[in-house]
Amino acid sequence: MEKITTTGSIIYVLWLRQLKRYARSRARVIGSLGQPLLFLVALGFGFGPVYQKAGGGNYIEFLAPGVIAMGVLFTAMFAGIEIIWDRQFGFLKEMLVAPVSRLTIVIGRTLGGATVATLQGCIVLLLSLVIGFHITHMGSMFLGLLFMFLVAVLFTAFGTAVASMLEDMQGFQLIMNFLVMPTFFLSGALFPIDTAPQFLKLIAAFNPLSYGVDGLRAAFGAGGHFGIPLDLLVLSLATLFLLAVGSYLFSKIEI
Amino acid sequence: MLSIEVHNLQKRFGDLAAVQGVSFGVEEGSIFAFLGPNGAGKTTTIRMLTTLLKPTEGTILLNGVDPVHHEDEARKLFGIVFQDPSIDEELTAYENMDLHGVLYRMSRVLRAERIKQLMNVVELWDRKDEIVKHFSGGMRRRLEIARGLIHHPKILFLDEPTIGLDPQTRNHIWSYVKGLNKEEGITVFLTTHYMEEADRVADYVAVIDHGAIVAQDTPEGLKQKTGVASLEDAFLSLTGKSIREESAGSIDQMRMHARVWRR
Ligand SMILES: Nc1ncnc2c1ncn2[C@@H]1O[C@H](COP(=O)(O)OP(=O)(O)O)[C@@H](O)[C@H]1O
Ligand SMILES: [Mg+2]
């Protein structure tokens, strides 16, 4: 019996492609762990005593979910932006002429990038456990993974949307400095939103990553600001929205 | 019946008119060669025919389907070997082939069979599990061609497929393409710099220069019209002998600007 190739298997091969590319570039895996490690050690140990004195409790417990979210965010954005590489190395043409709906292509790529980013998040989680982070109850691991994955899908789709509009790598630095860095620093990953000034609270409320960080923190038992149901709702809606925008912009690419 | 119907096709890039009002038809099951010097507008035309680029003006029909407005339907009809690289270098040769087969919804059995057959034609079967990054230019080119042929489309676009390949390989590839054309009635639209290739395989030839078609006929007809013995001479007499620069890539252009500024 001949098995007919379905949309599901197309999504699967595009997913697998991202995983293979990730697994084969060890430099990328190791390189992208440097930054989270630096944040954990420098901020975690550096600010820890001050934070404790101010009555905030153990800073590492607070910081680790934020840094995990950072690892996921950067890897996911990078995976989305990989479309620019595909454009430069030419493989994008092969995908664009294929008789496959643009949404299918974007979903396959996004799930692949998101899986990679979630794996990266798990590695950062392990690192932070070594440094002194505690997970209060193991049952929350699943919820934590879910939040990592949601953040990963959201920002891979975001990266895809942005990269669909860029011709070459020159725009990449701009995106990192004016989109990704602010998204991270203004998300409550490093400081508690509860006690932040009003304008920072407002910005954080409009930043989807805030809900990811918050969800992770709540899942791992280090408190929360928005509450898990709202976190899940905002992340899911933002993800669906960006998937739609991403596949629209992807379908407009001309070569 | 016409497989490809193009009417008054135009493409402008800013104030450069790359294709200026091209019209032609390609008979179903025939082999059509699109010949022209560098920068004549061949690749731009193919990009418009294959949904990669929107025309500025004009109409296209592929087996009656308009690729400008019905992209998905049109994409089911054709296969293409691009002039520029389009392989995923981080994957193995086999993985590239198989990914293509899946994208074109081929069954696992047929994929395996065709991939083996084609990788033998281009003599890459014993290198199938190597990452493409480590391949030479010629090997990559052969892989690109093999990949474009896996799914046996109704219309096959070949944009300078054999450039840089040795005569033996070119021979293998053209006999395979001719076979496909004969046995499955696949319409072939090709561009090439090798005139003797076009002479040998094409049923019909169109010569394009500066974005406009200057002649179209059978290879024999063109030779008779221009009163010369070879298609190469016919081509030269139609397009003149001045040398066309290969269009400069952006890096070359940057270098040129740098040179201008330093002076
Ligand atoms: N994306 C683009 N932007 C600007 N000019 C382009 C672009 N693509 C092609 N051109 C120009 O259009 C002309 C035709 O190019 P092309 O179709 O690639 O020629 P050929 O394939 O016949 O060698 C050239 O002058 C080329 O520089
Ligand atoms: Mg060309």
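So that the names make sense, note that chain A is the first sequence line, chain B the second, and so on, each numbered from 1.
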Should B:K54 and A:E254 count as side-chain neighbours, where that means a heavy-atom distance under 4.5 Å?
yes

Do other residues, nucleotides or ligands put more than 12 heavy atoms under 6.0 Å from B:H134 NE2?
yes

Using a cut-off of under 4.5 Å on heavy-atom pairs, state which of B:E89, B:R147, B:R47 scores highest against chain A.
B:R147

Assess whether atom CZ of A:F241 is packed by more than 12 heavy atoms of other residues, nucleotides or ligands within 6.0 Å.
no

For A:L96 and B:R75, work out which heavy atoms get closest and say how close.
O-NE, 3.0 Å

With a 4.5 Å limit on heavy-atom distance, are the side chains of A:Y12 and B:V102 in contact?
no

Verify the neighbour count for atom NZ of B:K154: are there more than 12 heavy atoms of other residues, nucleotides or ligands below 6.0 Å?
no

Find the one option among A:P99, A:S25, A:S251, A:S101 whose heavy-atom pairs under 4.5 Å with chain B are most numerous.
A:P99

Would you say B:K76 has more than 12 foreign heavy atoms packed within less than 6.0 Å of its NZ?
no

With side chains defined as the heavy atoms from C-beta onward, is the minimum distance between A:E94 and B:N96 less than 4.5 Å?
no

Answer with side chain, backbone, both or neither: which region of B:H151 has an atom nearer than 4.5 Å to a non-hydrogen atom of chain A?
neither

B:F78 versus A:V97, closest heavy-atom pair with distance
CE1-CB, 3.9 Å

Step through the shown structure and confirm whether more than 12 heavy atoms of other residues, nucleotides or ligands are within 6.0 Å of OH on A:Y248.
no

With rounding to the nearest 0.5 Å, note down the distance linking CE in A:M95 to CG in B:L103.
8.5 Å

Which portion of B:I131 sits near chain A, non-hydrogen atoms under 4.5 angstrom
side chain

With chain A, the option among B:A74, B:G79, B:S86 that has the most non-hydrogen atom pairs under 4.5 Å is B:S86

Working to the nearest 0.5 angstrom, can you tell me the gap between A:I253 CD1 and B:L52 CG?
10.5 Å

dist B:L99:CG -> A:L14:CG (nearest 0.5 Å) comes out at 6.0 Å

May I ask you to say whether A:R24 pairs ionically with B:E95, meaning some side-chain N is under 4.0 Å from a carboxylate O?
yes

Run the side chain to side chain contact (heavy atoms under 4.5 Å, CB included) test on B:L53 and A:I255 for me, step by step, so that the C-alpha distance in whole Å, both residues' side-chain angles and the decisive distance to 0.1 Å come before the verdict.
CA-CA 6 Å; B:L53 204 58; A:I255 293 191; over 6 Å; no

Check the pair B:Y104, A:V100 against side chain to side chain contact (heavy atoms under 4.5 Å, CB included), reporting the backbone distance first and the verdict last.
CA-CA 8 Å; B:Y104 287 81; A:V100 176; over 6 Å; no

Report the C-alpha distance between B:I87 and A:F89 in whole Å, list the side-chain angles of each, state the deciding distance to 0.1 Å, and finish with yes or no for side chain to side chain contact (heavy atoms under 4.5 Å, CB included).
CA-CA 8 Å; B:I87 294 272; A:F89 285 95; over 6 Å; no

Quick check for you: to the nearest 0.5 Å, what is the distance between B:E90 atom CD and A:Q18 atom CD?
11.0 Å

Name the region of A:K93, side chain, backbone, both or neither, that has any atom closer than 4.5 Å to a heavy atom of chain B.
both

State, with a plain yes or no, whether a side-chain heavy atom of B:R105 is found less than 4.5 Å away from one of A:I10.
yes

